[in-house]
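Below, chain A is the first sequence line, B the second, and so on; all start at residue 1. This structure is a prediction, so every number in the text was calculated from the model and none was measured.
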Number of protein chains: 2
Amino acid sequence: MNPGTVEKFLKLIGDSSRLKILSSIGAGEKTVSEIIGETGLPQTLVSFHLKILRDREVVVASRKGGPFVHYRLRDPSILNLLHACDAYAGKFDGSGEEAREFEWPPWKMMCRMMRRGDQ
Amino acid sequence: MNPGTVEKFLKLIGDSSRLKILSSIGAGEKTVSEIIGETGLPQTLVSFHLKILRDREVVVASRKGGPFVHYRLRDPSILNLLHACDAYAGKFDGSGEEAREFEWPPWKMMCRMMRRGDQ
DNA sequence: TCCTTATATGAGCCATAACTAATATTAACG
DNA sequence: CGTTAATATTAGTTATGGCTCATATAAGGA
């Protein structure tokens with residue numbers, strides 16, 4: 001486990017404006033205006049964050065006619081990570097008891113599970 | 001997905017000094033001196049971070065004779081999350097291609113898997 | 001070419017939090 | 001009680017990065 005690598009990654013996504021943007025884009029595709037409308041964040045702030053997310057390959061941009069730029073998540077499953085963190089942290093910050101029921105699975109087990117399409 | 005909740009959680013663990021501390025403690029238990037020795041971080045910095053981690057219930061402290069305080073992770077499986085992030089981000093920052101093979105499993109699937117002790 | 005809409009970018013400001021230095025507290029022993 | 005080792009705490013400093021303002025750029029239509 002490389003603390004620097006993990007820190008870099010968690011800081012990349014661990015900002016509420018960015019989380020709003022990622023969540024807004026979701027599994028589909030959205031223009032900047034749509035993201036702005038949905039998040040309520042200022043235009044320049046959205047563009048600012050999108051640039052970083054784009055440079056770091058979390059999102060992918062494409063132009064499709066007009067001045068519109070569409071953004072999609074390069075790996076939509078990252079939303080699952082965010083949801084898991086939300087669920088974990090939500091309980092985690094609370095009683096600190098219910099979170100005991102959940103354990104983060106080992107990486108290899110996550111790999112196997114998604115490869116098998118476990119039902 | 002509450003951006004504020006997730007942000008708070010990711011910022012809590014998304015610091016390289018803290019990651020080093022969590023990794024040092026591991027699945028066992030360690031004194032502050034041991035953590036200092038293993039991480040190479042200054043004593044006051046370790047104590048500073050441990051206080052926050054303690055207050056936020058990521059670690060649990062106990063005294064066992066002498067001036068020694070032992071720390072353990074309240075939920076050691078969080079190390080699995082860190083390892084997964086490491087693996088994901090490591091590939092992620094690289095070619096951006098190999099990470100495609102891995103998808104973060106949905107929360108419910110993670111719950112089921114750990115409940116079944118899937119092999 | 002000019003205008004409009006959509007979006008991007010850069011510089012500077014400001015908020016946050018990690019870190020350090022100094023010191024306080026805890027536990028145990030002589 | 002004084003001393004030592006281990007650890008915690010506090011105030012101030014510093015580094016980081018989010019955010020804002022002003023403006024630049026891209027695309028398309030008249």
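- At the phosphate of D:dC19, neither OP1 nor OP2 sits under 4.0 Å from any side-chain N or O atom of A:Thr44.
- Every residue was checked against the side-chain hydrogen bond (donor to acceptor under 3.5 Å, both in side chains) condition with A:Arg63, not counting sequence neighbours, and none meets it.
- Comparing D:dA8, C:dC19, C:dA8 by their nearest atom to the side chain of A:Val32 picks out C:dA8.
- At the phosphate of C:dA6, neither OP1 nor OP2 sits under 4.0 Å from any side-chain N or O atom of A:Arg63.
- Summarising the geometry, the separation between CD1 on A:Ile36 and P on D:dT20 is reported as 13 Å, rounded to the nearest angstrom.
- In summary, of the residues considered (B:Val59, B:Leu41, B:Ile25), a side chain to side chain contact (heavy atoms under 4.5 Å, CB included) with B:Ile35 occurs for B:Ile25 alone.
- The distance between atom CG of A:Leu50 and atom C1' of C:dG10, rounded to the nearest whole Å, is 17 Å.
- In this structure, the CD atom of B:Glu7 is 16 Å from the P atom of C:dA15, given to the nearest Å.
- Interface remark: the B:Gln43 side chain does not form any donor-acceptor pair with the D:dA6 base, using a distance-only criterion of under 3.5 Å.
- Note: CD1 (A:Ile52) to P (D:dT16) measures 15 Å, nearest angstrom.
- Rounded to an integer number of Å, the gap from B:His49 NE2 to D:dA8 C1' is 14 Å.
- Residue A:Tyr71 places none of its side-chain N or O atoms closer than 4.0 Å to OP1 or OP2 of C:dA6.
- Below 30°, between 30° and 60°, or above 60°: for B:Phe102 and A:Trp107 the angle between ring planes is between 30° and 60°, a tilted geometry.
- Of the candidates C:dA27, C:dT9, C:dT5, the closest approach to any side-chain atom of A:Lys51 belongs to C:dT9.
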